[in-house]
Amino acid sequence: MDLYTELKNKNNKALSKTITLAESTLEKDQLYIQKLLSKFTENHNTIRIGVTGIPGVGKSSFIEKFGQTFLNQGKSVAVLAIDPSSEKTSGSILGDKSRMEKLSLEENAFIRPSSNNGTLGGVSNKTRDCILLCEAAGYDVIIIETVGVGQSETTVSKLVDIMLLLTITGAGDQLQAIKRGIIELAHLIIITKDDGDNKIKAKQTLIEFKNILSINPPVDEIWLPKVVKCSSIKNIGINQINTIVNQFENKAREIDSFVNKRREQKIYWIKKVLKDELGNRKYLMLKKSKELNKIIKNIISGKNDLYNVIKEN
């Protein structure tokens with residue numbers, strides 16, 4: 001199978017195969033993926049959406065309905081769902097596809113459950129490659145559903161254009177909101193399960209979060225964070241969330257914030273991978289000699305790739 005041609009033809013089997021290779025730790029697989037990605041120009045016409053929140057908040061149920069709103073607009077949707085893996089066996093249940101049964105059956109949707117391989121932040125160095133592969137396959141909207149393990153999950157904000165934080169009433173998030181962390185990075189806070197006996201509590205939680213956010217700084221310097229309620233079961237508030245996401249995207253693109261942010265994120269991940277692969281001492285030597293800036297410039301311009309740099313050093 002010619003994976004490059006099949007990806008361009010939006011073959012989901014080819015996309016699954018390339019993501020498996022991207023997640024592999026084998027040297028030959030990593031080399032192949034870097035060469036494959038170098039053939040594609042990074043697509044800035046897509047939108048990358050991070051969805052985070054504690055386990056049990058209803059992320060999968062929300063994404064199934066949320067993803068459908070984009071399909072209704074004629075867009076295609078790829079979901080990268082990160083599942084926690086076992087520290088003993090490194091195995092993972094990878095059950096998100098079964099929890100998004102309707103969305104997974106849609107022709108213009110792709111759902112890929114992946115293990116976090118013990119990464120505390122819920123995303124790993126390989127997640128960015130998986131996003132790029134989904135974009136290479138022609139998907140317009142990339143949704144990253146993270147594990148939901150706490151404040152360390154802020155790493156996902158270095159991968160996406162907009163962050164959605166899902167919360168429920170009585171989860172202790174109101175107290176957490178006054179601390180630094182994921183709350184300050186969320187463009188939109190969504191109170192889920194706004195149905196049945198929970199409606200009054202959801203309204204109270206909405207007011208509490210609005211009060212907290214009134215003293216928080218803007219996100220990305222262009223966007224004041226918003227708070228909304230929704231019910232995935234009743235399909236209430238989901239279209240409103242889609243509208244807010246589109247408003248953010250339009251505003252960010254108007255002043256080039258969108259492209260600039262992606263460039264900053266790319267530099268962040270280049271530095272992170274180099275530090276992880278080469279070690280702190282070698283990384284600091286490159287930084288001190290100003291060789292690091294030259295390396296980053298060459299990678300961004302396409303004169304070199306990250307894998308070759310690691311191999312050379």
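What you see is a predicted model, and the numbers here were worked out from it, not measured in a lab.
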Derivation of the side chain to side chain contact (heavy atoms under 4.5 Å, CB included) call for Ile191 and Val227:
CA-CA 8 Å; Ile191 300 152; Val227 191; 3.8 Å; yes
Run the side chain to side chain contact (heavy atoms under 4.5 Å, CB included) test on Phe209 and Leu165 for me, step by step, so that the C-alpha distance in whole Å, both residues' side-chain angles and the decisive distance to 0.1 Å come before the verdict.
CA-CA 12 Å; Phe209 268 110; Leu165 172 62; 5.7 Å; no
Using side chain to side chain contact (heavy atoms under 4.5 Å, CB included), reason through Glu145 and Met100 one step at a time and then give a plain yes or no.
CA-CA 12 Å; Glu145 179 200 352; Met100 301 180 204; 3.3 Å; yes
Would you sort out whether Phe258 and Ile162 count as a side chain to side chain contact (heavy atoms under 4.5 Å, CB included), showing the intermediate values?
CA-CA 10 Å; Phe258 208 85; Ile162 183 169; over 6 Å; no
The test is salt bridge (Lys or Arg N to Asp or Glu O under 4.0 Å); show your working for Glu6 and Lys13 and say whether it passes.
CA-CA 9 Å; Glu6 293 301 322; Lys13 286 185 178 179; over 6 Å; no
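Rounded to the nearest 0.5 angstrom, Gln204 CD and Ile207 CD1 are separated by 7.0 Å. Rounded to the nearest 0.5 angstrom, Asn304 CG and Glu312 CD are separated by 5.0 Å. One distance of note links NZ of Lys39 with NZ of Lys8; it measures 10.5 Å at 0.5 Å rounding. We find the CD-CD1 distance between Glu291 and Ile296 to be 11.0 Å, quoted to the nearest 0.5 Å. The CG atom of Asn293 sits 10.5 Å away from the CG atom of Leu286 when rounded to the nearest 0.5 Å.
Relative to the six-membered ring of Phe62, Lys193 misses at least one condition, a distance below 6.0 Å or an angle of at most 45° to the axis.
With respect to Asp161 and Lys261, no salt bridge is recorded, no charged nitrogen being found less than 4.0 Å from a carboxylate O. For the pair Glu42 and Lys266, the salt-bridge criterion is met [side-chain N within less than 4.0 Å of a carboxylate O].
Put simply, the side chain of Trp269 never gets that close to the backbone of Arg128: no donor and acceptor are under 3.5 Å apart. A distance-only check finds a donor-acceptor pair linking the side chain of Lys126 to the backbone of Ser24 [under 3.5 Å]. Glu135 places no side-chain N or O within 3.5 Å of a backbone atom of Thr41 that could act as its donor or acceptor partner. Between the Gln30 side chain and the Ala22 main chain, a donor and an acceptor come within less than 3.5 Å of each other. The backbone N or O of Leu103 sits less than 3.5 Å from a side-chain atom of Glu64, completing a donor-acceptor pair. Using a distance-only test at 3.5 Å, with no hydrogens or angles considered, no donor-acceptor pair links the side chain of Lys275 to the main chain of Tyr283. Of the possible donor and acceptor atoms, none in the side chain of Thr69 sits under 3.5 Å from a partner among the backbone N and O of Lys65.
Between the side chains of Asn250 and Asn246, no donor N or O sits under 3.5 Å from an acceptor N or O. Residues Asn43 and Tyr139 have side chains that never bring a donor and an acceptor to within less than 3.5 angstrom of each other. Thr169 and Thr205 form no side-chain donor-acceptor contact under 3.5 Å, judged by distance and modelled atom types alone. Between the side chains of Ser76 and Lys10, at least one donor-acceptor pair of N or O atoms lies under 3.5 Å. Gln68 and Asn235 are not linked by any side-chain donor-acceptor pair at a separation below 3.5 angstrom, with hydrogens and angles left out of the test.
Within a 6.0 Å sphere centred on CD1 of Ile200, other residues, nucleotides and ligands contribute 12 heavy atoms or fewer. The 12-atom threshold is not exceeded at CD of Glu107, counting heavy atoms of other residues, nucleotides or ligands nearer than 6.0 Å. For Leu284, the CG atom is densely surrounded, since the number of other residues' heavy atoms within 6.0 Å is greater than 12. Counting heavy atoms of neighbouring residues, nucleotides and ligands inside a 6.0 Å radius, atom NZ of Lys75 exceeds 12 of them. Within 6.0 Å of NZ in Lys158 there are 12 or fewer heavy atoms belonging to other residues, nucleotides or ligands.
Checking each of Val77, Ile143, Leu105, Val79 against Ile111 for a side chain to side chain contact (heavy atoms under 4.5 Å, CB included) leaves exactly one that passes, namely Val79. For the side chain to side chain contact (heavy atoms under 4.5 Å, CB included) with Val51, the lone residue among Ile144, Val160, Leu166 that qualifies is Leu166.
Side-chain contact between Ile300 and Ile270 is present, with heavy atoms from C-beta onward closer than 4.5 Å. Contact of the Cys134 side chain with the Ile142 side chain is registered, since non-hydrogen atoms from C-beta on lie closer than 4.5 Å.
Note on Ile189 and Ile236: separate hydrophobic clusters, where clusters join Ile, Leu, Val, Met, Phe, Trp and Tyr whose side-chain heavy atoms are under 4.5 Å apart, directly or indirectly.
The aromatic rings of Phe248 and Trp223 sit perpendicular, their planes meeting at an angle over 60°, well past the 30° parallel limit.
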